[in-house]
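Notes follow once the structure below has been shown.
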Amino acid sequence: MAKQSWDTADAVATKRAVPDGLWTQCQACSETLFRKALETNLFVCPRCDYHMRISGRQRVLQMADPDTFEPMNEAVTPQDPLEFVDLKPYRERIIAAQKLTGENDAIQTGAAFIKGRRTILCCMDFTFLAGSMGSVVGEKLAAAIRRATELDLPLVVVACSGGARMQESGFSLMQMAKTSAALARFDDAGGLFISVLSDPTTGGVTASFAMLGDVILAEPRALIGFAGPRVIKQTIRQDLPEGFQTSEFLLKSGFVDRIVHRSNLRSEVSRLIDYAGK
Amino acid sequence: MAKAPSSSTFQLDFEQTILEIERQVSVLEERPDCETFREELETLRVTRDALIAKTYANLTPWQTVRVARHPGRPQTLDYVDMLCRDFCQLHGDRTFGDDPAIITAFTRIGPFKVLLIGHQKGRTTAERINCHFGCAHPEGYRKALLKMRLAEKFNLPIVTFIDTPGAYPGIGSEQRGQAEAIAVNLREMSRLRVPIVCIVIGEGGSGGALGIGVGDRVAMLEHSWYSVISPEGCAAILWKEANERTNSLAAQALALTAKHNLKNGLIDAVIREPHGGAHRDPKAASEAMQSWIVEQLGELTRIDRDTLVRLRYERFSRIGATGTSTST
């Protein structure tokens, strides 16, 4: 096995989603990989087992039984309530991200079967503005949670996000409260929420719905945390311990139930649904 | 206890002229023969008041952030002195420790017995270090939740004072689950069966603020700020560098002032501060806060509990700006 450069959170933080093209390189071990073969391997590097970042759509394909995903609220689009401009206008960033990804925003939500069990499945999309949660992600998630509550279906959310979307400021912040409040009602109704944390899950997404799973699963070696490693380093002015803010770190400190290899995710989820009797 | 403005050597650059006039006024006032300067004093006072009014009516968002961080600005414990009676502090999260960055207490405000929760930044250097400058650890949020459950059990309304640059980013706080602690508070506050009113009294920094900020009514003091990230944090990421210029641009873009947040429907009220900010007249600020709290609790305690919780849920569910694409 190659030297595991992905062990530090910082290294993980710089990784991007798998680009298109016939051949692609593993960002952890630099192995050149044939994309088709990689896809069959669920975008896990066959050489070093690095779990690559994948789009929300790709994740849905991996999680759902073939042709069972029925999307909800596909046409919901972001707005620019603050007319936010940094180095580029937010409006332009949205349009560029939509062109790049072909998606309206950073999450797929819908009904799907997972190993024959009916679920509400939500998959975040890091390829769209770093999977950041603004009003669209918050609203689509809340709607999905409400649907799961109405139909008494298990809820599976695969988180993959840099956190709240800064360009929607207070609106983004309040999506944390909105999604958490929706989960309170789902919980009151006895619903099962399986939260799957993938690389990366940070900021306002971790500090809201992602950490509220009845069961919390994480993919191996994902970056998971509240504050970003750089911010922490700047604050405490010392180096971070090896493996800090990885899935393994969270398992050890008691905030993740299980670390699950991507190839086992579907069977783990369906097994949990079974145990919960849903 | 809140400090008089003159006791602080801290200066905001846009206040220099005001401070100079204030200095002249106090020098004249202290003279034994000050009676002979009555007219000059009066003119100075009028000039000062006009200048304060003008400056504070036209603060930029970045200036507002700096007023919100003024070291002389009243903090939770200052307001406790001014508006709470029979203050009975409760310590500890029963699991890890007692975070001094979040104060929890039974107390009386006006005619109400309440549970008070508030960030505390500390005044002296030692206090500030002890409180991590108002940046709470997970045990602070867990303490808050534990005491809020007490309030629910004994049917006491909850009042929270928000004043934090953000939840503490450190090794211990991550290890002990900062994200989980905040997330659980968001979920649980949304369904607590007692009235909750929240006031951003200084800084409303992101999840660390919201972690005690899910309420039936949320207000901001006039010169406080509330946003998803601090202007410096935002500038560092989106402008690649945090400096005076980019901080100011970020503060503007984030729409973090009380006025902006009210306009965007994210808060319910702006509590007016005395001329020149709460640090010039803490008593007046605390009186304005007290009357708002008493008014809100008067209304909220009359609402039956199922309705109360439903309205709170709906309050947060409504927030968001989305459109519908026509192309799909």
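Quick caveat: nothing in here was measured; it's all calculated off a predicted structure. Letters A, B, ... are given to chains in the order of the sequence lines, protein chains preceding strands, and every chain is numbered from 1.
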With only heavy atoms counted, which part of Phe255(A) is less than 4.5 Å from chain B, the side chain, the backbone, both or neither?
-> side chain
Measure the shortest side-chain to side-chain distance between Ser227(B) and Leu173(A) over non-hydrogen atoms and say whether it is less than 4.5 angstrom.
-> no
Gln238(A) versus chain B, heavy atoms under 4.5 Å apart: side chain, backbone, both or neither?
-> side chain
4.5 Å side-chain heavy-atom contact, Phe226(A) and Glu180(B) | no
Examine whether an atom of Phe209(A) lies under 4.5 Å from a heavy atom of chain B, and if so say whether it belongs to the side chain, the backbone or both; otherwise answer neither.
-> neither
Using non-hydrogen atoms and a 4.5 Å limit, figure out which bit of Ala142(A) sits close to chain B: side chain, backbone, both or neither.
-> neither
Sort by residue number and list every member of residues 245-263 of chain B having a non-hydrogen atom under 4.5 Å from chain A.
-> Ala253(B), Leu254(B), Ala255(B)
Proximity breakdown for Val214(B) and chain A, heavy-atom pairs closer than 4.5 Å = side chain
What side-chain donor-acceptor pairs closer than 3.5 Å can you find for residues 125-134 of chain B, not counting sequence neighbours?
{"unit_1": "Glu127(B)", "atom_1": "OE1", "unit_2": "Arg123(B)", "atom_2": "N", "d": "2.6"}
{"unit_1": "Glu127(B)", "atom_1": "OE1", "unit_2": "Thr124(B)", "atom_2": "N", "d": "3.3"}
{"unit_1": "Arg128(B)", "atom_1": "NE", "unit_2": "Arg123(B)", "atom_2": "O", "d": "3.1"}

Side-chain donor-acceptor pairs under 3.5 Å in residues 82-91 of chain A, sequence neighbours left out?
{"unit_1": "Asp86(A)", "atom_1": "OD1", "unit_2": "Arg93(A)", "atom_2": "NH2", "d": "2.4"}
{"unit_1": "Tyr90(A)", "atom_1": "OH", "unit_2": "Arg165(A)", "atom_2": "NH1", "d": "3.0"}
{"unit_1": "Tyr90(A)", "atom_1": "OH", "unit_2": "Glu168(A)", "atom_2": "OE2", "d": "2.6"}

Residue Asp188(A) versus chain B: region with a heavy atom under 4.5 Å = both
Using non-hydrogen atoms and a 4.5 Å limit, figure out which bit of Ile171(B) sits close to chain A: side chain, backbone, both or neither.
-> both
Sorted by chain and number, sequence neighbours left out, side chain to side chain donor-acceptor pair (under 3.5 Å) with Trp62(B) holds for Glu244(B)
Side-chain heavy atoms of Val76(A) within contact of Thr324(B), under 4.5 Å = no
Using non-hydrogen atoms only, which part of Arg315(B) is less than 4.5 Å away from chain A: side chain, backbone, both, or neither?
-> neither
